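Note sheet for the following structure.
Note: hydrogens, waters and symmetry copies are ignored here, and every other heavy atom, side chains too, is used. Naming: A, B, ... by sequence-line order, numbering from 1 per chain. If you're wondering where the values come from, they're calculated on a predicted model, not measured in any experiment.
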Amino acid sequence: MNFFKSGLQSVLGTSENQETMTGAETVERLVDRVQSSTMLEDRRDACRALKALSKKYRVEVGAQAMYALTQVIENDRTDNEIVGYCLDALCNIVSPDQFEEESENPHISVNIGEQFTEMFIKHPDHISLILSHLEEYDFRVRWSAIKLLTCLLANRTKEIQEVVLVSPMAISRLMDLLVDSREIIRNDSLLLLIQLTKGNANIQKIVAFENAFDKLFDVINEEGCADGGIVVEDCLILMLNLLKNNSSNQQFFKEGSYIQRLSPMLILTEEAEEVGMTPQKVSNIHCMLQIIRVLVSPNNSQQSIAACQKIMRSCGLLETLCRMLMSSGIPPDILTELINSTAEIIRGDGNNQEYFNQVLAPSNPPKPAIVILLMSMVNEKQPLVLRCAVLYCFQCYLYRNEVGQNDLIHTLLPSTKEVPATLTSGQLLCGGLFSMDAISNWFSAVSLSHALIENQNQKEQLLRSLVATSSSSQPTSLLQQCFNLLQQGQFKYQSKIGILMFLIIWLSKCEMAVRSFLSINGTISFLIAQITANEHDENEYLIQGLCAFLMGICIQFNDNGVEGNRRDDLCQLLIKRIGIETFSGKLNEVSKHESYSKAGKQPQIRIKSPADLLLDYEFCKLFKSLEPTVSKLITSFTNGNESVNELTISQEASSLVAQYKNIIREQDHKIQTLNEQVKQLHLQNESISSKLTETQTSMSQINDQNILLRAQLTAASSSGVQNQHSNMNGFYDQHATKIHELEQQVASLSHEKSHNETKIQFYEAENARLLTEIDQFGATKENESTNEKLRCEINELNSKVEQMSKDQEDLLELLADQDLKIKEYRKRLKNLGQQVEGDDDEDD
Amino acid sequence: MSYAYLFKYIIIGDTGVGKSCLLLQFTDKRFQPVHDLTIGVEFGARMITIDGKQIKLQIWDTAGQEAFRSITRSYYRGAAGALLVYDITRRETFNHLTTWLEDARQHSNSNMVIMLIGNKSDLESRREVKKEEGEAFAREHGLVFMETSARTAANVEEAFINTAKEIYEKIQEGVFDINNEANGIKIGTVSTPTNPSIGSNLPGGQSSNSCC
């Protein structure tokens, strides 16, 4: 303090004056000196004094000296000392903190720093001025400028961000500070960057562009990674700022292989496991886990989540986390975040889910990690956040994981095998469902419901599940048991809500489950009683809404399989006993409830107290998708056409379309077979015609021979063999007429053949036309009459073709006959002593 | 994931000329016909091979709108390459090239490789800017020129790869100071010459850790 006193003395002159002057007067004098002194030393002293006073007399210095100080910063920039004083003084003025020195002063308002900040940044040039001083290497200047900017940012984040954003090179300069060899500069610039990047995507991107991640990882490595001090945490917080809600930077982080750099930092040494963690290490790891979660948050795009999840498995991060999860001595707040991180890494990624399923806890005998986790979920003594995290993790495990869903349901089904010695997840959940702890009931019901989401098969399978509440009682179906629980008076509302959500998810889009539910005695009357009950509690309203929704689902997905509880019966009941208005009103209670909007926001359960555990994210999704259908169904009653709704119409239409498709497919098939037949017939025809020409040629040969024979005969008769001659003549005549006949037949045959050919051509043409017609028909399905006609025509065609082939067969037979006859005649001729030409060929 | 070099690119040019589409075609090999306005800057990355060396391209796709101009300027300095894009079916986007070029030259390091790109070459019927004009502009200002189509992917690969080749040649010639990361070039984890003495250009500040 002596230093300050002497400084003040040298500026203000005698010491006697000092006591009598008020703070304001002193400041006024000092400001005057700063502005009017020609000597640099004088100005420097005055600034030093102002700095000294700026804490105790913040208002005075701020009100009077701000302008002067800024002037000095600009004009005396060559003198680092004076600039340093001015920056410090300004920093004190705008500081958001309250100083000890001013704690006794009642006139200081709490937000005085903020008001001065506002005054200071009225000129955007001021900020550029401060930014320009960051380039000065001198410690005093640089450090003071960093502190001043940090204070300004803390008070007026948005405005300063805008100015920084449009100042060329400003962010580059700030980033260069991160590699300053002086640790204080580096550490304070980290704090500055944390403030600067808060909630401004553009700045975040530029900071990332300026190699922020590389620089930060370098600092983290230098400082000893997870074991490092608060600087590591600051680096991680800055990283988190850069990545939060910034898909471009997330992409950059992933592409730059930074996940791979983060991963090894989470590996715990055995030694660390035994000793436990320092609070700083807990914070560091917590930040790392949050960075991981930001990358795979369900709010990100599916594509980028999937890519990050893949990398996290391949680089061993998932393995590291799972090992950490199962190791002892993990502080509870890390454990919760660890479970949540693991949850989001496996969510919806089949391979990661499968890996998680395989993880075993190092117990004796080794139990699956999932079972261990579920055990703590249904354990009342565990902290609520931990139990919620486990539920979230289990939900993420089941999310789009049909195999996992099937496995879980399988553990609930009666099996022929011996009951396994170890506890299964299904048993745990059943135990939780029937326990006395309402929270366990809720957790278990929601867990089970997630095994049924979009899994039609398991909804039906689970109907086979049998449970016995006590060793003496008869096993009843799980469905029946759930209904029994609902009816119990002492059952808490939370448990009821859980079970109702479970039932709704179970029954939705599953007619078989609805039928089973309606077959249980008294379900509908129970629902009606609930819906019409005169309750005045908010949570009771919610239960009523859920009951109404359940009833709607029983109507919507009713296959009319239960006598007395058919779709129409239920509709009548609804109209008469509840009334459409009341029903719609109750249905709306669900979406009106506070927890509906809260739970629907994100898959993770975020609650403050156990009483907030009401609705579940996936249930809200289902409700959102089915509620319109149910309320439309209800309102359609008033219009009288209760049985027709959108769903059935679309079903009818689709069945109709399927029918037409089948018809077309059949006809297609028929056309193909007909085509083949035509081809075959064509071939046959060709072979027949070739045979015909053969026979024709042989006939003409025979004719020639005949003429020859006749000529020979006449020659012979003239030589005098009368007797024989007359005999021969008779024969001959006969023969000639026969041959003539044959010739005629052949002619007629060939005629018929050509006729057939034309016919076949005609049918081919007809067939082609039909084909095109059928094509056309395919395009315009509605034209059923054409279809009929076509079918008739095809039948007709078929029969004609058959007739033709028969005709041809007949012809062939005839031909063969004639062939035979001709042969016979020839033989006879031979016998008669006539020489027949071409004998040899014919005889073969 | 290892690479010999890492180059930073920026894509600049008027709004609606197809900057984001070019990037999407290059990184994802797909085309998105709906114009989705870029806000600020978006990031994309891909690995390419030049001269047998793996080179990682980090590409920042900037918003073309005037409102974002001051933000996008922050990216000029740290980039090794820039794709300056205009739309061959809109004359005014070609007319604005001079402004863009001035802006880029003013804020970037002098060695930045700029590739001029006439995009939408598939829309020949609506062409307003002749290919020769683009060539002439590029010649005049010492740029590399190419016409591309983000829709058909024509020349898209070439545009990015040729720019990288150009940078690579400059490195070979020793024009670029590869140890200064502010030039938009980083030496990768493999085939690193064993002198990672990064001479930081800060006054007195020296980087202490560069083994990454």
All heavy atoms of B:Ala79 vs all of A:Phe209, minimum pair found to be N-CZ, 4.0 Å
Any chance you could lay out the side-chain contact (heavy atoms from CB on, under 4.5 Å) test for A:Met169 and B:His107, step after step, and finish with the verdict?
CA-CA 9 Å; A:Met169 302 286 292; B:His107 294 97; over 6 Å; no
Are side-chain heavy atoms of B:Gln58 and A:Phe252 found at a separation under 4.5 Å?
yes
Chain B contacts, top residue of A:Ile185, A:Asn211, A:Val166 (heavy-atom pairs, under 4.5 Å):
A:Asn211
Surrounding CG of B:Asn95 (heavy atoms of other residues, nucleotides or ligands, distance under 6.0 Å), is the total greater than 12?
yes
A:Gln303, part contacting chain B, at a heavy-atom distance under 4.5 Å:
side chain
Taking NZ, NE, NH1 and NH2 as the nitrogens, is one of them in A:Glu255 or B:Arg46 under 4.0 Å from a carboxylate oxygen of the other?
no
Atom pair CD (B:Glu42) and CG (A:Asn249), whose distance is rounded to the nearest 0.5 Å
9.5 Å
Shortest non-hydrogen pair, A:Glu210 vs B:Ser74, comes out as OE2-O, 4.1 Å
If you define the side chain from C-beta out and look only at heavy atoms, does anything of B:Ile71 sit under 4.5 Å from A:Lys205?
no
Using non-hydrogen atoms only, which part of A:Ile206 is less than 4.5 Å away from chain B: side chain, backbone, both, or neither?
both
For A:Ser172 and B:Arg77, the nearest pair of non-hydrogen atoms, with its separation, is CB-NH2, 3.1 Å
Which atoms of B:Ile39 are under 4.5 Å from chain A, going by heavy atoms: the side chain, the backbone, both sets, or neither?
backbone
